[in-house]
Every structure is written in C-alpha cells, then in structure tokens.
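To start, the structure under review is shown below, and the notes come after it.
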Amino acid sequence: METPDVLKTAALALVATLAASAAVAQSAPTPEQTAAIKGDPAFKPQNLVLGALPKPTGPQVALFNGRDLADWEGWLGYADPAKTYTKPPEAPIGHTGADQVFKVVQEDGAPALYASGKTWGALVHKGDYANYHLRLEFKWGPGRWAPRVNLPPNNGLLYHSFGAHGAVFGTWMKSVEFEIMQGSTGMLVRVGEDVRPSTYAGHDPSIIYPHRRFMIGGREVDVVTPAWNVENHRDAEKPAGEWNTLDLYVLGDKAVHVVNGVPVLVAHDIKTVDESGKRTPLTHGRIQLQSEGAETFFRNIVLEPINALPTVTAKK
C-alpha cells in the first residue's frame with residue numbers, strides 16, 4: 001500500500017499537470033480565435049481626457065430611493081452558479097428569493113443597495129431610458145463565492161437591457177455591459193449573441209484573449225464571439241474597500257464609460273443583429289446590476305437626461 005506521503009506527492013503532481021495543461025490550452029487559441037483578431041494594431045497607452053461635459057436637459061431621477069427596492073425587479077439564475085454557461089436542463093430560480101440576494105442595507109452610515117454575489121442574477125430597474133448620464137458609486141464587500149472564489153471580484157452595470165429576464169444564460173437580460181471587475185472596470189462586453197456594440201481597439205498581449213484594449217485610433221471592431229470583449233484603456237479603480245464613481249453617458253447608439261473621472265472606453269454603433277444579418281440600432285433599455293460572485297455595495301444611483309456626449313481625446 002502506498003504511504004500518505006506518496007499519495008500526497010502524486011496528487012500534487014496531478015494538480016500541477018492539470019494546471020500546466022490549462023495554461024497551454026489558454027495560450028493556444030483556435031484558428032477561429034486567431035482569425036478574429038488578425039490585423040489588430042499594437043496597443044499604445046494614451047492619456048485619455050474627458051471634456052465638454054454635457055449639461056442636463058431635464059430633472060435628475062434617483063433610481064435608488066434609499067428605502068426599498070420598489071423600483072426594481074430581482075431575477076436569479078441557477079442554484080449552482082458554476083452551471084451558468086453550461087445550458088443545464090433545470091430551470092433558473094427566477095424571481096423567487098431575489099430579496100435575499102439584493103437588499104437595502106446601511107453601509108458607511110448611509111443606505112446602500114447590496115448584492116450578495118452568492119447566487120448569480122440581476123436587479124433590473126423598471127424604467128426604460130435613452131439619452132442619459134447615469135452616475136453611481138460602488139465598492140466591494142469581503143464576500144467571495146464559488147465558482148469565483150479565487151478570481152477577481154466581479155459585477156456589472158448592464159444598460160440598454162431588453163427582452164425577457166434570464167434570456168442570456170438563464171441569468172441576465174440581453175444588454176450591453178459596463179464591466180465592474182477588479183482591474184477591468186469599464187470593459188465593454190456584449191450580453192447576448194445578437195447584441196453587438198462596436199469600438200476601437202489595439203492588441204495587448206498582456207491580457208487574456210481576445211487581447212483587445214480600447215485605443216483611440218485603433219482598429220474598429222465589433223464585440224462578437226469569439227472576440228467577446230474589449231478591455232478598458234487602463235485600470236482607474238480605487239483599492240478594494242473604497243468607493244468608486246462610475247459615469248455612463250449614453251446618446252442614441254453611442255456610450256462613454258468613465259471610472260473615477262477617467263474615460264476608459266467609448267462605444268458606438270450599438271445594435272442588434274438578427275439571423276439575416278440585419279442591424280438595428282439599440283438606443284434605449286433598462287438598467288441591470290449584477291450579482292456575480294462578489295459582495296458589492298451600490299449607492300447614489302442617479303440619472304439625468306442629456307442631448308450630447310462628452311468628448312474623449314488622447315492628450316499628447
């Protein structure tokens with residue numbers, strides 16, 4: 001019989017082998033993935049500057065009243081979040097129990113909207129909005145849950161949301177995502193295969209596939225499978241535990257993502273694409289806040305109408 005030490009050594013060797021195999025798999029893109037990013041120019045860091053801030057054209061609307069979630073609807077995905085991307089046979093949880101994942105709490109002496117992260121899902125505002133400046137503050141709580149215990153804390157501000165609850169992976173409405181993830185806050189992600197925003201990007205080999213980072217003057221790209229995202233221009237997030245301010249400016253089918261006053265991405269030609277290839281501008285929709293593996297607090301969620309976007313320029 002093998003000794004415990006021998007068994008432990010063998011187990012460690014197996015773990016190391018599996019880790020090495022995973023690393024090799026990640027470093028070896030498929031031909032389809034390689035073709036999707038062929039021709040991307042090299043990413044060059046820029047000093048992006050936000051200017052010409054638009055004046056509101058109407059009264060400010062508070063999306064969070066500080067008392068309750070009467071203006072929101074909660075929806076939960078699968079009981080085991082690890083199944084989210086696997087198309088499991090069971091149905092998502094739905095509205096039941098969402099009040100245990102999303103709730104109003106007191107944080108730092110003021111009311112905040114709390115997302116536990118333990119069960120994945122969305123808190124969806126009941127309003128449908130277009131042409132606005134949305135501002136909110138968020139910070140991370142200490143809780144981290146499987147299957148993202150050892151991954152960067154993750155959440156998301158999803159805009160132009162439409163259609164059925166849980167239409168995407170049983171968990172979210174179709175939408176465009178202003179990513180909230182440590183190191184990647186402001187990233188552009190499409191939520192739903194037929195949602196397709198565009199932006200300009202450069203090739204940054206230091207980040208995971210598709211190695212695309214927002215860059216003024218970069219290659220114009222659609223955010224579509226297999227190149228499913230474009231990373232923020234740079235990380236402007238504050239250290240964990242501090243409040244961050246996000247500004248989302250939306251006008252028609254264009255959007256500007258701003259993190260703590262720093263513009264990190266500009267999207268344009270936001271659209272849906274049907275099976276025939278017909279492109280329809282996506283210019284309005286609902287707001288979703290995610291629960292996706294990490295405790296998150298939100299506060300001061302306000303929206304005001306605008307009729308112009310701020311400028312984003314690369315300062316020389």
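Residues Phe298 and Leu289 have side chains in contact (heavy-atom distance under 4.5 Å, counting atoms from C-beta outward). In this structure the side chain of Pro310 reaches within 4.5 angstrom of the side chain of Pro54, judged on heavy atoms. With a 4.5 Å cut-off on side-chain heavy atoms, Val61 and Val302 do not count as touching. When side chains are defined from C-beta on, Leu50 counts as touching Val258, because their heavy atoms get closer than 4.5 Å. With a 4.5 Å cut-off on side-chain heavy atoms, Pro305 and Tyr132 do not count as touching. Inter-residue side-chain proximity for Phe138 and Thr245 is flagged as unmet; no heavy-atom pair is nearer than 4.5 Å. Taking 4.5 Å as the limit, some side-chain heavy atom of Gln290 sits within range of a side-chain heavy atom of Glu177. Asp253 places none of its side-chain heavy atoms less than 4.5 Å from the side chain of Lys271.
Nearest heavy-atom pair, Glu90 versus Lys83, reported as atom, atom and distance to 0.1 Å: OE2-NZ, 3.0 Å. Taking every heavy atom of both residues into account, Arg219 and Gly39 meet most closely at NH1-C, 3.8 Å. Nearest heavy atom pair, residue Thr199 against residue Val266, reads OG1-O, 2.6 Å. The nearest pair of heavy atoms linking Gly77 to Thr171 is CA-OG1, 3.6 Å. Between Lys55 and Ile306, the shortest heavy-atom distance links the atoms O-CG2, 4.3 Å. Minimum interatomic distance between Val262 and Ala236 (heavy atoms only, all atoms of both residues): CB-CB, 3.8 Å.
Annotation: the span from Leu48 atom CG to Met215 atom CE amounts to 10.5 Å, rounded to 0.5 Å. In this structure, OG1 on Thr119 lies 9.5 Å from CH2 on Trp145, to the nearest 0.5 angstrom. Atom CE of Met187 sits about 8.5 Å away from atom CZ of Arg213, to the nearest 0.5 Å. Interatomic distance, Met181 CE to Asn232 CG, rounded to the nearest 0.5 Å: 9.0 Å. Rounding to the nearest 0.5 Å gives a distance of 7.0 Å between CG of Leu246 and CG of Asn260. Separation of atoms CD (Gln182) and CG (Asn244) is listed at 9.5 Å; rounding is to 0.5 Å.
Side-chain atoms of Ser116 come within 3.5 Å of backbone atoms of Lys118 as a donor-acceptor pair (strictly under, hydrogens ignored). Asp194 places no side-chain N or O within 3.5 Å of a backbone atom of Thr272 that could act as its donor or acceptor partner. Within the 3.5 Å criterion, the main-chain N or O of Thr30 finds a donor-acceptor partner in the side chain of Gln33. A side-chain donor-acceptor contact under 3.5 Å links Gln46 to the backbone of Ile216. With hydrogens and angles disregarded, a donor-acceptor distance shorter than 3.5 Å links the side chain of Ser175 to the backbone of Met173. The main-chain N or O of His125 is found under 3.5 Å from a side-chain atom of Arg286 such that the two form a donor-acceptor pair. Within the 3.5 Å criterion, the main-chain N or O of Ala122 finds no donor-acceptor partner in the side chain of Ser291.
Defined by atom type and a distance below 3.5 Å, a donor-acceptor pair is missing between the side-chain atoms of Asp204 and His211. Side chain to side chain, Asp222 and Ser198 meet the donor-acceptor criterion of an N or O pair below 3.5 Å. Under the 3.5 Å distance criterion, with hydrogens and angles disregarded, a donor-acceptor pair is assigned to the side chains of Asn155 and Thr296. For the 3.5 Å distance criterion, the side chains of Arg212 and Asn229 fail to qualify, holding no donor opposite an acceptor. Under 3.5 Å, the side chains of Glu137 and Asn300 contain a donor-acceptor pair of N or O atoms.
Ile270 and Val230 fall within a single hydrophobic cluster, where Ile, Leu, Val, Met, Phe, Trp and Tyr side chains are chained together by heavy-atom contacts under 4.5 Å. Clustering ILVMFWY residues whenever any of their side-chain heavy atoms sit less than 4.5 angstrom apart, transitively, puts Ile287 in the very cluster that holds Leu123. No continuous path of hydrophobic side-chain contacts links Val189 to Val250 [ILVMFWY only; heavy atoms under 4.5 Å]. A continuous path of hydrophobic side-chain contacts links Phe102 to Val104 [ILVMFWY only; heavy atoms under 4.5 Å]. Val312 and Val223 fall within a single hydrophobic cluster, where Ile, Leu, Val, Met, Phe, Trp and Tyr side chains are chained together by heavy-atom contacts under 4.5 Å.
The environment of Lys126 atom NZ is dense: over 12 non-hydrogen atoms of other residues, nucleotides or ligands sit within 6.0 angstrom. Applying the 6.0 Å contact sphere to CG of Asn150 captures no more than 12 heavy atoms from other residues, nucleotides or ligands. Atom NZ of Lys139 is surrounded by more than 12 heavy atoms from other residues, nucleotides or ligands within 6.0 Å.
Of the residues Glu179, Glu237, Glu231, the one that meets the side-chain hydrogen bond (donor to acceptor under 3.5 Å, both in side chains) test with Ser184 is Glu231. Applying the ring-ring contact (aromatic ring centres under 6.0 Å, His included) test between Phe169 and each of Tyr78, Trp120, Tyr85 identifies Tyr85 as the sole match. Applying the side-chain hydrogen bond (donor to acceptor under 3.5 Å, both in side chains) test between Glu73 and each of His165, Gln288, His95 identifies His165 as the sole match.
Salt-bridge check for Asp269 with Arg279: passed, with a basic side-chain N closer than 4.0 Å to an acidic carboxylate O.
When the salt bridge (Lys or Arg N to Asp or Glu O under 4.0 Å) test is applied to Glu193, the partners found at least two apart in sequence or on another chain are Arg190.
A parallel orientation is assigned to the rings of Phe178 and His257, their planes being inclined by less than 30° (bins at 30° and 60°).
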Determine, step by step, whether His233 and Phe43 satisfy the ring-ring contact (aromatic ring centres under 6.0 Å, His included) criterion, reporting the C-alpha distance in whole Å, the side-chain angles of both residues, the deciding distance to 0.1 Å, and the verdict. CA-CA 9 Å; His233 185 79; Phe43 171 76; 5.1 Å; yes
Quick one: do Tyr114 and Glu295 satisfy side-chain hydrogen bond (donor to acceptor under 3.5 Å, both in side chains)? Show the steps, please. CA-CA 7 Å; Tyr114 170 78; Glu295 281 187 318; 2.6 Å; yes
Asn65 vs Asp68, side-chain hydrogen bond (donor to acceptor under 3.5 Å, both in side chains): CA-CA, chis, key distance, verdict: CA-CA 7 Å; Asn65 63 25; Asp68 55 41; 3.0 Å; yes
